[in-house]
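Taking it in order: structure first as structure tokens, then the write-up.
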Amino acid sequence: MNVQCCIFCKIIAGQVPCTKIYENEHVLAFMDAGPVSEGHVLVVLKQHTTRLDLTDPLEMAELAKVLPKLAGSVKDAMVADGYNVLCNNGSSAGQVVEHMHFHIIPRKENDGVFNQWPSFQYPEGKADTIAEKIRRNLTL
Ligand code: AMP
Ligand code: ZN
């Protein structure tokens with residue numbers, strides 16, 4: 001998907017309508033059109049990137065500046081017990097719109113929205129091996 005046919009770029013450009021929550025020079029927040037709970041909000045950068053790891057850290061910092069207050073306002077407005085902040089990266093992770101975005105999903109106790117967190121235990125030594133692999137790929 002390129003910028004010309006990106007639905008979120010079209011929303012940012014005002015070519016496709018959205019229910020806007022907040023906008024500044026870098027960021028747009030709007031209601032998700034297919035919410036998983038009432039009050040589900042999307043937060044996007046105006047600069048098109050497909051994934052979090054391909055996003056300029058300085059742009060990401062602009063998103064981070066407003067994310068806490070946006071999350072708090074969603075939680076308070078919906079009288080939610082909590083919320084999930086999600087960023088799906090890649091189709092294997094559930095990403096459908098290839099313009100990097102964060103979901104703010106208000107949650108109530110026992111709402112059943114995400115029922116399963118499929119955790120498991122590493123066999124002895126495997127976490128260390130994987131951590132070493134990740135450290136080798138980290139260029140900060
Ligand atoms: P993801 O699976 O992380 O890529 O999530 C994409 C999200 O964008 C979904 O929750 C959709 O409901 C939402 N979405 C897609 N098109 C629109 C649109 N035109 N306006 C608002 N939300 C949208
Ligand atoms: Zn885009």
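Keep in mind that what you see is a predicted model, and the values were worked out from it rather than measured. Ligands are counted one by one from 1 in listed order, and the atoms in each one are counted from 1 as well.
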Can you check whether Leu45's main-chain N or O pairs, donor with acceptor, with Glu62's side chain at less than 3.5 Å? no
Which angle, to 10 degrees, forms at the Zn ion (ligand 2) with SG of Cys9 on one side and SG of Cys6 on the other? 120°
re atom 12 (O) of ligand 1, the protein heavy-atom contact at minimum distance is Asp32 OD1, 2.5 Å
Can you find a heavy atom in the side chain of Val41 that is under 4.5 Å from one in the side chain of Met31? yes
For atom 22 (N) of ligand 1, the protein heavy atom that lies nearest, with its residue and separation: Ala33 N, 3.1 Å
In His48, the N, O or S atom nearest to the Zn ion (ligand 2) is which? ND1
Taking non-hydrogen atoms only, is Val36 closer than 4.0 angstrom to ligand 1 via side chain, backbone, both or neither? neither
Pair His26, Gln47: side-chain N/O donor-acceptor within cut-off below 3.5 Å: no
Going by the atom numbers of ligand 1, which of them fall below 4.0 Å from some non-hydrogen atom of Asn88? 1 (P), 2 (O), 3 (O)
So Ile12 and His99, do their side chains get closer than 4.5 Å, heavy atoms only? yes
Examine Ile104 and Leu63 and state if one hydrophobic cluster contains both, with Ile, Leu, Val, Met, Phe, Trp and Tyr joined whenever side-chain heavy atoms are less than 4.5 Å apart. yes
Between ligand 1 and Val96, is the shortest N or O to N or O distance under 3.5 Å? yes
Geometry only, no angles: is Phe30 polar-contacting ligand 1 at N/O separations under 3.5 Å? no
Backbone, side chain, both or neither: what part of Phe8 comes under 4.0 angstrom of ligand 1, heavy atoms only? side chain
May I ask you to identify the nearest protein heavy atom to atom 15 (C) of ligand 1, giving residue, atom name and distance to one decimal place in Å? Val97 CG2, 4.0 Å
Backbone of Gln121 reached by a side-chain donor or acceptor of Lys126 within 3.5 Å: no
Can you tell me if His101 has a non-hydrogen atom under 4.0 Å from ligand 1? yes
Work out whether the distance between some heavy atom of Gly94 and some atom of ligand 1 is less than 4.0 Å. yes
Which ligand 1 atoms does His103 reach within 4.0 Å, using its non-hydrogen atoms? 1 (P), 3 (O), 5 (O), 7 (C), 10 (O)
Can you tell if the side chain of Ile130 reaches within under 4.5 Å of the side chain of Tyr122, non-hydrogen atoms only? yes
Could you tell me whether Gly34 and ligand 1 have an N or O pair separated by under 3.5 Å? yes
On a heavy-atom basis, the closest approach of Met100 and Leu52 is CG-N, 3.5 Å
Numbered in order shown, the ligand 1 atoms found under 4.0 Å of a heavy atom of Met31 are 21 (C)
Any side-chain heavy-atom pair of Phe30 and Val44 under 4.5 Å: yes
Backbone of Leu86 reached by a side-chain donor or acceptor of Asn88 within 3.5 Å: no
Counting from 1 in the order shown, the ligand 1 atoms closer than 4.0 Å to a non-hydrogen atom of Leu42 are 8 (O), 13 (C), 22 (N)
Keeping the roles fixed (side chain from Ser37, backbone from Ile105), state whether a donor-acceptor pair exists under 3.5 Å. no
The atom of His99 among N, O or S that is nearest the Zn ion (ligand 2) is ND1
Residue Ile11 vicinity, atoms of ligand 1 by number, heavy atom under 4.0 Å: 18 (C), 19 (N), 20 (N)
